[in-house]
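The next block holds one structure in the form of structure tokens; read it before the comments.
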Amino acid sequence: SGYLMTRYLRLYLQFLKFSFSRALEYRMDFWFRIVMDCLFYAVELVFFTILYQHTNMIGGWDYDQVLIFVSGYLVIDAIHMTVFSNNMWWLPIYVNKGDLDYYIVRPVSSLFFLSLRDFAANSFLNLLIAGGILAWSILRYPGELGTENLIWFLFLMLNGSFIFYVLQMLFQIPVFWTHTNRGLLTAFFSANKLMERPDKIYSKWTRRILMTVFPALLVIALPARVLFDGPDPLLITHILGVTTIAFLGMRAFWNLGLRSYSSASS
């Protein structure tokens, strides 16, 4: 309902207000994260620039197309670091210390509260920088990018950010039973490399797995494909369908974890 949405929006605005005021108290950490993320952006861009000194095409894309693809990934990474990353880091600590009770009893969705409570204000500046890099890569593109293609690309990028969050949560939730997520998170961040490559470099069956079972290609590779090749209704339906199924599966897994947590602490 409209009232419920307004309530959650007001709550999120309070999260933002608290996060920005706290970030300004720790200025060394504020600037350190900005510098580290900018170095990460530089490494990603230089990596592909060096590759294209030895080839003209990777996965069917030329350098100008891959520059947009990589810049899109940087924006998605920045969104994740800004909106979700701090919350992901704290979740296993809350579970192991029994501090999750404080969030479960609140009259709002525990998944919403624990996923969005901590907004990384320092990473927000990095998000603006990454957005600037993406805008530059699109403006310098020598070919014609239709307005419809661009709108779909930006929408599917936001969807990709959501998929990134859902996938990390699926690797986080087992902490309810394992009490440590270090190994799973290492596996997740290793698997992230699959998102940073054009989809056409993978074999047919690997590509199918990365579009369904572990939908890493939905994060940025397929949105970029829509930008360059035009919106294919079948592909867009597939992306949104897999996203919906992944989210519903993650939410069911979360509720299962909560039930396990409650019985363990009772």
Main chain of M157, side chain of S161: is a donor-acceptor contact present, judged purely on distance under 3.5 Å? yes

Between N87 and S115, a side-chain donor and acceptor under 3.5 Å: no

Taking the ring of F176 and the ring of F253, is the distance between their centroids below 6.0 Å? no

May I ask you to check whether W254 and S110 show a side-chain donor-acceptor distance below 3.5 Å? yes

Scanning both residues in full, the closest heavy-atom pair of L114 with L91 reads CD1-CD1, 4.4 Å

Can you confirm whether Y94 sits close enough to V175 that some side-chain heavy atom of one is under 4.5 Å from a side-chain heavy atom of the other? no

Taking atom types as modelled and ignoring hydrogens, do the side chains of Y41 and S71 form a donor-acceptor contact shorter than 3.5 angstrom? no

Under 6.0 Å from the six-membered ring centre of W136 and within 45° of its axis: does the NZ or CZ of R140 meet both? yes

Using modelled atom types only, decide if a donor and an acceptor are shared between the side chain of T82 and the backbone of S123 within a distance under 3.5 Å. yes

Can you check whether P92's main-chain N or O pairs, donor with acceptor, with N96's side chain at less than 3.5 Å? yes

With distance as the sole test, does Q172 use its side chain to make a donor-acceptor pair with the main-chain N or O of M88 at under 3.5 Å? yes

Side chains of D101 and Y261: do they bring a donor and an acceptor to under 3.5 Å? yes

Is it true that, when you exclude W90 itself, more than 12 heavy atoms of the residues, nucleotides or ligands shown sit nearer than 6.0 Å to its CH2? no

Atom CG of L234 with >12 non-hydrogen neighbours under 6.0 angstrom: no

Backbone N/O of F162 and side chain of H80: donor-acceptor pair under 3.5 Å: no

